[in-house]
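Notes follow the structure.
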Amino acid sequence: QVQLVESGGGLVQAGDSLRLSCAASGRTFSNYAMGWFRQAPGREREFVAAISWSGANTYYADSVKGRFTISRDNAKNTVYLQMNSLKPEDTAVYYCAARRSRYWGTPPDYWGQGTQVTVSS
């Protein structure tokens, strides 16, 4: 079992930056690929970014490519999502996810509780 706790969400203006963090506990963090998803009101949850166990492989949704960066610190059991040049359409609840594999795939096995990101125009 893995417990995931997100933090770092908030209210920002368009063009601003935010960094989300996801702290993991319960199992050996480096055995898990990690990902971020988001869900806007009235919409399906969608994939945002993912990272392999070592950080060598990263994957992004086209909508965030070039603006968002996923990274991880295995010594701190934490995965990050650096979000730059935020747009109002990035407004959503952001969820951290873990997969019981060193490489990403879907569906994830564990989910965090989510953190709200709101981008005003």
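- Using a 30° and 60° split on the angle between ring planes, F37 and W104 fall in the tilted class, from 30° to 60°.
- The two residues A92 and R38 make their nearest non-hydrogen contact at CB-CB, 3.8 Å.
- Closest approach of S85 and S17 over heavy atoms only: N-OG, 4.3 Å.
- A49 approaches L81 most closely through the heavy-atom pair CB-CD1, 4.1 Å.
- We find that D90 and K87 are not joined by a salt bridge, their nearest charged nitrogen and carboxylate oxygen being 4.0 Å or further apart.
- For the pair W36/V79, a side-chain contact is recorded, criterion being any heavy-atom separation below 4.5 Å from C-beta on.
- The cationic atom of R19 (NZ for Lys, CZ for Arg) lies less than 6.0 Å from the six-membered ring centre of Y80 and within 45° of the ring axis.
- Rounding to the nearest 0.5 angstrom, the gap separating the CD atom in Q82 from the CG atom in L20 is 9.0 Å.
- S101 contributes a side-chain N or O that, together with a main-chain N or O of Y103, makes up a donor-acceptor pair within less than 3.5 Å.
- A 4.5 Å side-chain heavy-atom check between Y110 and R100 finds at least one atom pair inside the cut-off.
- Once rounded to the nearest 0.5 Å, the distance linking CH2 of W53 with CZ of R102 reads 4.5 Å.
- I70 contributes atom CD1, which lies 11.5 Å from atom CG of N57 (distance to the nearest 0.5 angstrom).
- The shortest heavy-atom contact between V117 and G9 is CG2-CA, 4.1 Å.
- Closest heavy-atom contact between S21 and T78: CB-CG2, 4.2 Å.
- In this structure, Y95 and R45 have side chains that are in contact, with non-hydrogen atoms separated by less than 4.5 Å.
- Heavy-atom minimum distance, W111 versus L4: C-CD1, 3.9 Å.
- Note: E89 CD to S121 OG = 10.0 Å, rounded to the nearest 0.5 Å.
- A distance of 9.5 Å separates CG of N74 from CE of M34, quoted to the nearest 0.5 Å.
- Side chain of S120 to main chain of V12: a donor-acceptor pair is present (N/O by atom type, distance under 3.5 Å, no hydrogens or angles).
- D109 contributes atom CG, which lies 7.0 Å from atom CZ of R99 (distance to the nearest 0.5 angstrom).
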